[in-house]
K.L.:
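Please see the structure below; I have some questions.
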Amino acid sequence: MIRTPLSTTSVLDEACDAVSMTASPWAALMILTALPYRFLQAMFLDQLFEVGAEASHYGNLLGLTANITVVAILVALWGRAVYSRACRLAITRSETPGREALRVPLVALASYILTSSTAMLLGYVSLFTVIGFLAAIIFSGLAIGTMELNESVSLTAPFRLLFHYAKTMRILIALALVFFCAVFVALVNVAAAFQLGAWLASAIGGFDAPRWNVLFSPGNRRFLLMLFTGAIVLVEPFWVAAHVIYVRKAGAAENGDDLRAWFEELQRAS
Amino acid sequence: MSCTKMLCQECATQWDGIWHCAPCLGAKRGKKTRRAPVLSWLSVIIVSLACLYLGARVMVWTGAVIAGLF
């Protein structure tokens, strides 16, 4: 049901509803499939910090981690595809979808892997230019949003769809900035959860609390990387849901479904 | 609904999460499934794998360059 016209706040509002409907088990499945990828990314960064300026001499080590990360990406992309479908079914039916969420059409999955791998490549190439990296994130969000609209396998059609839905760039940039801030909010929450857990565990006899307090401090690089990993994993379901809803609402705005729904709401209210 | 007609809930049927009217559903069921050419599948798979491979290489290269700056 399209409830409100296309805007950043309406997309975020409906994304929250979609996540609450799909949290169990579909968001959990996506988080589970994303964890190996995110942990490997953190491991890659940790190795990079470890070798520092000598990184160019450790090509084999970093290359191996990068190769394994790329394999883990495929698992994470499948999880995202399932979650995207679950979100689409949930907002259509207003209930938690069943096993049909797992039946992601092969064409849609192949198109999504194509667009997201291109986005990943563009993201790494443009890492130095902050704007380029932001564009790659927006591109990646649109890739998951438009995934199910792909009906035939083609090299160009998925990209045409992306550019078609990139018309309202204002909302997409706003979404990217909102989720950028959301990662830091989630980071604070994950850090607080760690501290709370360590504090509660300190009440248990035999638990080496002083040691854990040192490990769970901002001075520990690996702890910081884990916090960022946790924050990104927590925000990801909302990010996917927001882009699925954005594409759906943008499509409805084109064929007039949004006006029809709005008129029906007005009639009901009067 | 692909025909964009207004229908009551009872006259519409949900299929794969989307509401369809009877003629639209009939047309959808009767539609021959187009087989994607093998060439399209091959090209999509090859380009995806190339992007993933290059992504891993660029990831290492970018990481090494950024680490070298500090």
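Lettering follows sequence order; numbering is per chain, from 1. From a predicted model like this one, the values you see are computed outputs, not experimental measurements.
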K.L.:
Can you tell me which portion of A:Thr69 sits under 4.5 Å from chain B's heavy atoms? Options are side chain, backbone, both or neither.
P.N.:
side chain
K.L.:
Below 4.5 Å from any heavy atom of chain B, which atoms of A:Phe44 appear? Answer side chain, backbone, both or neither.
P.N.:
side chain
K.L.:
Near A:Phe159 CZ, under 6.0 Å, is it more than 12 heavy atoms from other residues, nucleotides or ligands?
P.N.:
yes
K.L.:
Taking every non-hydrogen pair under 4.5 Å, which of B:Ala56, B:Gly68, B:Ala64 racks up the most with chain A?
P.N.:
B:Ala56
K.L.:
Is there a side-chain contact between B:Leu54 and A:Tyr124, using heavy atoms and a 4.5 Å cut-off?
P.N.:
no
K.L.:
Can you confirm whether B:Trp41 sits close enough to A:Val107 that some side-chain heavy atom of one is under 4.5 Å from a side-chain heavy atom of the other?
P.N.:
yes
K.L.:
Counting only heavy atoms not in B:Leu69 (residues, nucleotides, ligands), do more than 12 fall under 6.0 Å from its CG?
P.N.:
yes
K.L.:
Quick one: closest heavy-atom pair of A:Val153 and B:Val44, and the distance?
P.N.:
CG1-CG2, 3.5 Å
K.L.:
Once you round to the nearest 0.5 Å, how far does CG of A:Leu74 lie from OG of B:Ser48?
P.N.:
9.0 Å
K.L.:
What's the spacing between A:Leu45 CG and B:Met59 CE if we round to 0.5 Å?
P.N.:
7.0 Å
K.L.:
Heavy-atom cut-off 4.5 Å, strictly under: side chain, backbone, both or neither for A:Ile68 against chain B?
P.N.:
neither
K.L.:
Check each atom of A:Phe49 against the heavy atoms of chain B and say whether the ones under 4.5 Å are side chain, backbone, both or neither.
P.N.:
neither
K.L.:
Return the option, out of B:Leu49, B:Ile66, B:Ile45, with the maximum number of heavy-atom pairs under 4.5 Å with chain A.
P.N.:
B:Ile66
K.L.:
side-chain contact (heavy atoms from CB on, under 4.5 Å) for B:Arg57 and A:Asn67? Distances and angles first, verdict last.
P.N.:
CA-CA 8 Å; B:Arg57 300 278 78 81; A:Asn67 288 340; 3.3 Å; yes
K.L.:
Can you spot which of B:Val47, B:Ile46, B:Leu39 makes a side chain to side chain contact (heavy atoms under 4.5 Å, CB included) with A:Leu155?
P.N.:
B:Val47
K.L.:
Please report the shortest heavy-atom distance between A:Leu48 and B:Ala67, naming the atom on each side.
P.N.:
CG-CB, 4.1 Å
K.L.:
Are side-chain heavy atoms of B:Leu52 and A:Val71 found at a separation under 4.5 Å?
P.N.:
no
K.L.:
Measuring from atom SG of B:Cys51 to atom CD1 of A:Ile113, what distance do you get when rounded to the nearest 0.5 angstrom?
P.N.:
12.0 Å
K.L.:
Counting only heavy atoms not in A:Arg222, do more than 12 sit closer than 6.0 Å to its CZ atom?
P.N.:
no
K.L.:
With respect to chain B, which residue among A:Val70, A:Leu62, A:Thr115, A:Thr65 yields the maximal number of heavy-atom pairs within a distance under 4.5 Å?
P.N.:
A:Val70
K.L.:
If you count every heavy atom of other residues, nucleotides or ligands that lies below 6.0 Å from B:Tyr53 atom OH, does the total exceed 12?
P.N.:
no
K.L.:
When only pairs under 4.5 Å are counted, which of A:Ser117, A:Ala53, A:Ala55, A:Gly123 shares the most heavy-atom pairs with chain B?
P.N.:
A:Ser117
